[in-house]
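Reviewing the structure listed below.
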There are 2 protein chains.
Amino acid sequence: MHVLIDYREITVQSLLMSLSGMKTPPVHVEVAHLPLGDFFLVSKDTGVLIERKSTSDFISSLRSSRLWDQLLRFMKASTLLGHPLKQKLLIVHGTFDREPPVSWPQIMGAYMEILFVYDIPLIVCEDDEALYQCLRILIKREAQGKNEVLPGSHWFRKHCSPSLPEMDLRRYVLASIPSIGDVLAENLLDHFGTIAAVAHATEKQLRRVEGVGKKKAEKIHSIFH
Amino acid sequence: MHVLIDYREITVQSLLMSLSGMKTPPVHVEVAHLPLGDFFLVSKDTGVLIERKSTSDFISSLRSSRLWDQLLRFMKASTLLGHPLKQKLLIVHGTFDREPPVSWPQIMGAYMEILFVYDIPLIVCEDDEALYQCLRILIKREAQGKNEVLPGSHWFRKHCSPSLPEMDLRRYVLASIPSIGDVLAENLLDHFGTIAAVAHATEKQLRRVEGVGKKKAEKIHSIFH
DNA sequence: GCTGTCATTGCGTGA
DNA sequence: TCACGCAATGACAGC
Ligand SMILES: [Mg+2]
Ligand SMILES: [Mg+2]
């Protein structure tokens with residue numbers, strides 16, 4: 001992965017140079033003259049273009065049309081240095097001074113213009129560490145193709161995983177079935193002895209357990225079979 | 001313009017009630033039971049749906065994976081209460097605690113997942129004033145039609161593909177066993193077909209499944225028997 | 001989401 | 001041919 005940093009980004013150059021220490025993927029960082037944007041991530045044949053704006057620059061350029069001209073070109077660009085642009089990102093870097101007091105209406109209006117009108121993704125990095133990690137993770141995710149996939153499944157994680165006595169563990173597993181709680185799990189284990197036995201029970205056998213009626217018996221049986 | 005606030009958003013209800021003082025446009029605020037999201041802006045026949053997450057909830061739902069489940073439903077929705085959804089927005093509300101130190105890699109990775117994979121616009125509102133102004137400006141811009149996207153912006157928003165992942169209870173139950181995650185749960189079910197079959201398998205049979213070796217076979221077997 | 005740790009796997013080596 | 005050890009891979013659990 002190649003990372004190009006615009007030569008005018010002197011304030012963060014040394015910070016970002018250390019991206020070249022990355023192992024996965026190996027990163028080659030160099031300073032270049034970018035016709036557009038501030039950072040450019042190139043891998044294979046596609047690129048990710050990033051514009052960084054310090055908060056003070058962001059605020060002061062809100063009124064001028066310079067910001068919006070710049071963002072318009074940013075938005076419209078489809079290639080850079082011969083590489084098709086796969087992704088674009090605007091980074092707002094720093095915190096907003098409290099003195100003079102921030103004008104949230106202005107800032108929010110600008111954010112919405114950027115997000116909704118220009119349709120450019122926006123991330124605020126409040127300090128150098130955040131900026132560094134933002135780019136590091138972006139590079140990593142790009143290399144793994146994680147920014148292109150469709151949403152995946154995430155509901156398998158356990159709420160808690162007690163490395164507790166085995167008996168509690170069994171109850172816990174049974175209780176992960178909806179409509180089975182701690183009490184029913186215990187009753188089932190008392191009656192059948194093992195989860196395997198519960199799994200093999202017929203609906204009729206399940207109904208003999210205290211707390212299990214027609215509905216629960218059906219549900220339990222249908223999950224196991 | 002009607003603003004519906006979900007009844008569970010008690011912490012910001014009083015703050016946002018004062019939106020009803022707006023003149024342009026006149027705003028009617030009410031608390032409602034929203035099946036999805038936290039705030040809903042309705043004007044004419046279209047709506048803007050907003051999900052608010054406090055930073056602490058953001059972090060904890062990130063750790064439990066609740067976040068992705070919620071965002072998937074958020075992303076999938078195309079109408080709410082009969083109104084087609086024109087726009088969606090995720091607001092992260094608050095600042096990240098320095099104690100314990102924030103993990104920027106985690107947060108940046110989550111931001112990128114939200115922006116690039118779930119394709120949901122994101123705004124961070126660091127305090128109540130920012131949140132209030134964010135909504136006020138959003139309402140104002142909506143009423144003026146200022147949030148319409150410019151022609152020539154990049155590509156279309158990823159939307160509700162019919163085949164985004166659905167919950168599979170059997171995998172969920174298997175994955176509640178420690179040392180079994182979503183991958184192994186799927187492999188086991190592919191191989192055995194049902195949980196009952198997994199429960200009855202011998203250690204030797206279990207080891208024939210990809211990803212199951214000596215240790216996991218022992219563990220699985222001992223839980224079921 | 002990310003990171004560190006550890007289990008599994010497949011391969012290369014020698015008996 | 002088989003048993004074993006090793007390194008690379010990949011999954012899980014914890015944060
Ligand atoms: Mg810049
Ligand atoms: Mg919420």
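Throughout, protein chains are lettered first and strands after them, A, B, ... in sequence-line order, and every chain is numbered starting at 1. Values below: all heavy atoms of this structure, side chains included; hydrogens, waters and symmetry mates excluded.
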Nucleotide [N], atom [atom2] - distance to [atom1] of [X] in whole Å:
X      : N      : atom1 : atom2 : answer
B:D69  : C:dG1  : CG    : C1'   : 15 Å
B:I120 : C:dG1  : CD1   : P     : 14 Å
A:Q144 : D:dG10 : CD    : P     : 12 Å
B:D57  : C:dG1  : CG    : P     : 17 Å
B:L188 : D:dA11 : CG    : P     : 13 Å
A:E129 : C:dC2  : CD    : C1'   : 14 Å
B:I180 : D:dA11 : CD1   : P     : 14 Å
B:I107 : D:dC15 : CD1   : P     : 17 Å

Could you check whether [X] gets within reach of a base, just the sugar-phosphate, or nothing at all, counting any heavy atom under 4.0 Å?
X      : answer
B:K219 : nothing
B:Q106 : base
B:L67  : nothing
B:I59  : nothing

Response to the item:
Residue pairs meeting ring-ring contact (aromatic ring centres under 6.0 Å, His included), one or both in residues 126-149 of chain A, sequence neighbours left out, come to none
Worksheet, complete the sentence: Heavy-atom nearest pair, B:H200 first then A:H200, reads CD2-CD2, 2.9 Å
Worksheet item: Going by atom types alone, do B:Q205 and B:R208 pair a side-chain donor with an acceptor below 3.5 Å?
Response: no
Practice prompt. Look at B:R207 together with B:E203 and state whether they make a salt bridge at an N to O cut-off of under 4.0 Å.
Written response: no
Response to the item:
The reported gap from CD in A:E51 to CG in A:L89 (rounded to nearest 0.5 angstrom) is 10.0 Å
Worksheet entry | From A:L131 atom CG to B:M108 atom CE, the distance as rounded to the nearest 0.5 Å | 8.0 Å
Practice prompt. Check whether any side-chain nitrogen or oxygen of A:R141 sits under 4.0 Å from OP1 or OP2 of C:dC2, and answer yes or no.
Written response: yes
Worksheet, complete the sentence: ring pair (Phe, Tyr, Trp, His ring centres under 6.0 Å) filter on A:W155, not counting sequence neighbours, yields none
List every contact pair, protein side and nucleotides 3-8 of chain C side both N or O, where the distance is under 3.5 Å.
residue: C:dT3; atom: OP1; partner: A:R136; partner atom: NH1; Å: 3.0
residue: C:dT3; atom: OP1; partner: A:R136; partner atom: NH2; Å: 2.5
residue: C:dT3; atom: OP2; partner: A:K140; partner atom: NZ; Å: 2.2
residue: C:dT8; atom: OP1; partner: B:G213; partner atom: N; Å: 2.8
residue: C:dT8; atom: OP1; partner: B:G213; partner atom: O; Å: 3.3
residue: C:dT8; atom: OP1; partner: B:K214; partner atom: N; Å: 3.4
residue: C:dT8; atom: OP1; partner: B:K215; partner atom: N; Å: 3.3
residue: C:dT8; atom: OP1; partner: B:K216; partner atom: N; Å: 2.9
residue: C:dT8; atom: OP2; partner: B:K215; partner atom: N; Å: 3.4

Worksheet entry | Summary of side-chain hydrogen bond (donor to acceptor under 3.5 Å, both in side chains) pairs that have at least one residue in residues 181-191 of chain B, sequence neighbours excluded | B:R171-B:E186
Practice prompt. Specify the angle, to 10°, made by the local axes at the two ends of the helix from C:dG1-D:dC15 to C:dA15-D:dT1 when five pairs are taken at each end.
Written response: 10°
List the atom pairs, donor and acceptor, that lie under 3.5 Å between side-chain atoms in residues 137-146 of chain A and the rest of the protein, sequence neighbours left out.
residue: A:R141; atom: NE; partner: A:N147; partner atom: OD1; Å: 2.8
residue: A:R141; atom: NH1; partner: B:E113; partner atom: OE1; Å: 3.2
residue: A:R141; atom: NH2; partner: A:K146; partner atom: O; Å: 3.3
residue: A:R141; atom: NH2; partner: A:N147; partner atom: OD1; Å: 3.2
residue: A:R141; atom: NH2; partner: B:E113; partner atom: OE1; Å: 2.8
residue: A:E142; atom: OE1; partner: A:K86; partner atom: NZ; Å: 2.6
residue: A:E142; atom: OE2; partner: A:N147; partner atom: ND2; Å: 3.0

